[in-house]
There are 2 protein chains.
Amino acid sequence: MNIDRRSGCPINLSLEVFGDRWSLIILRDMIFGGRRHFREILNGSLEGIASNILADRLKRLMELGLLTKADDPSHKQKAIYSLTEMAITLVPIMAHLGAWGRVWLPVSEELSIRAELLEKGGQPLWEQFMDELRHEHLGAPSRTPAGTPGVRAQLRAAYEAVVARNAEAARER
Amino acid sequence: MNIDRRSGCPINLSLEVFGDRWSLIILRDMIFGGRRHFREILNGSLEGIASNILADRLKRLMELGLLTKADDPSHKQKAIYSLTEMAITLVPIMAHLGAWGRVWLPVSEELSIRAELLEKGGQPLWEQFMDELRHEHLGAPSRTPAGTPGVRAQLRAAYEAVVARNAEAARER
DNA sequence: GTATTCCGATTGCATTTTGCAATCAGTTGC
DNA sequence: GCAACTGATTGCAAAATGCAATCGGAATAC
């Protein structure tokens, strides 16, 4: 469960945090999908994580300092998982990973539209998004002016626009 | 051995390429350490990869299109592994991963100096480095002016300077 | 008030992946 | 000829993964 520290190399240590098939998927769903509860992550991810693996990874990510857990006041047995600053600063890495995947791997159009938007937006958009995440997960005051559409809302809107357009195209055929 | 394609999400697909404990380590040693032969990678990495895992991953990375293999003309049973463009474009991701690790994980000073240099250099340095890699691995003409010190040479020099400084400090104690 | 659903897990078990040491046959240097 | 080196392969134990079933407590529907 704990980190190995096979060496003190930064890339190696990062890899010991993410070098498995599920940890980054969970963080992706929390960051971009806004999921905070066990069941949301379990049922929401396209890749279909098993509940025992999810439980194990949530525990591990908490031990590593990427997540925290708190009781949901509205529901006695519900737990809310929050991203820490450590996890929020992964946004640029996620953006790069998505951009690389979009170029070299057989991504689906619907799912890559968000990566594209994130890539186009660049550092300023990532900063705005991280600010938004700090607001949601850490209770930090938002520095974005009121009325500005949230980054996650933009990502979702773009996704839904593609889905709608494709449905339209399918109907015409 | 082959890729799963659990979903067409760019981040997921990228993760199916790197979501293990060794693939990125091997690429790191080839990119930053300049290693091209089986034995060089096997004995050179600090983390101590096993030979069967290395053989397996080299095969896998070739199947995925990140590496190619060629005979070494100087030695009949030696194989030379080369990075493809697909692998070379991982440099920015490596730089980000290293930068993130440097902030959040217990990196050692000697090993993080290279990540620091790469971070400070930013996109221009990454471009120069990728150009250098294309020259070494793809036979592309180098666009950097003659006499310019190579990025890998800079990284090595910085590393050796830290090692020497620390040895000096240890002697004085 | 009671049946049903939902909550975050846990358990058991078969399959797959990993880590490790030993080994291989061909090649090279001497 | 022979030791060292080349890129692997094999056998085996241990760990991780995937999957289905299940748990006790809590909320919800009626």
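In the text below, chain A, chain B and the rest are named by the order of the sequence lines, each starting its count at 1.
One can place NZ of B/K78 at 9 Å from C1' of D/dC5, the figure rounded to the nearest angstrom. To the nearest angstrom, C1' of D/dT17 lies 11 Å from CD1 of A/I49. As a whole-Å value, the separation of A/D71 CG from C/dG8 P is 11 Å. Atoms CG (B/L42) and P (D/dT9) sit 14 Å apart, rounded to a whole Å. Taking atom CZ on A/R57 and atom C1' on C/dG8, their separation rounds to 17 Å, with Å as the unit. A straight line from CG of B/D56 to P of C/dG19 spans 11 Å, rounded to a whole angstrom. In this entry the distance linking CG of B/D72 with C1' of D/dT6 reads 11 Å, nearest Å. What separates CG of A/L54 from C1' of C/dG8 is a distance of 9 Å, to the nearest Å.
At D/dG18, one or more side-chain N or O atoms of A/W22 fall inside 4.0 Å of OP1 or OP2 (strictly under the cut-off).
Salt-bridge check for A/R134 with A/E85: passed, with a basic side-chain N closer than 4.0 Å to an acidic carboxylate O. Salt-bridge check for B/R57 with B/D20: passed, with a basic side-chain N closer than 4.0 Å to an acidic carboxylate O. Checked for salt-bridge contact, A/R102 and A/E119 meet the test: a charged N lies under 4.0 Å from a carboxylate O.
For the side chain to side chain contact (heavy atoms under 4.5 Å, CB included) with A/H37, the lone residue among A/L42, A/N43, A/I80 that qualifies is A/I80.
Mapping A/A55 and B/A50 onto DNA chain C by nearest heavy atom places A/A55 closer to the 5' end of the strand. Ranked by how close their nearest DNA chain C nucleotide is to the 5' end, A/S51 and B/R39 are led by A/S51.
The side chain of A/H37 lies closest to C/dG8, out of C/dG12, C/dG8, D/dG7. Nearest nucleotide to the B/K69 side chain, out of D/dT17, D/dG7, C/dG12: D/dG7.
Residues B/M94 and B/L138 share a hydrophobic cluster, clusters being chains of Ile/Leu/Val/Met/Phe/Trp/Tyr side chains in contact below 4.5 Å.
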Grab the N/O contacts between the protein and nucleotides 26-30 of chain C below 3.5 Å, and write none if there aren't any.
residue	atom	partner	partner atom	Å
C/dG26	N2	B/Q77	OE1	2.2
C/dG26	N3	B/Q77	OE1	3.1
C/dG26	N3	B/Q77	NE2	3.2
C/dT27	O4'	B/Q77	OE1	2.7
C/dT28	OP1	B/K76	N	2.9

### Message
Show, in sequence, the C-alpha distance, side-chain angles and deciding distance for A/E127 and A/Q123, and conclude whether the side-chain hydrogen bond (donor to acceptor under 3.5 Å, both in side chains) test is met.
### Response
CA-CA 6 Å; A/E127 292 294 345; A/Q123 192 81 39; 3.1 Å; yes
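The minimum heavy-atom distance linking A/F129 with A/I31 is given by the pair CZ-O, 3.3 Å.
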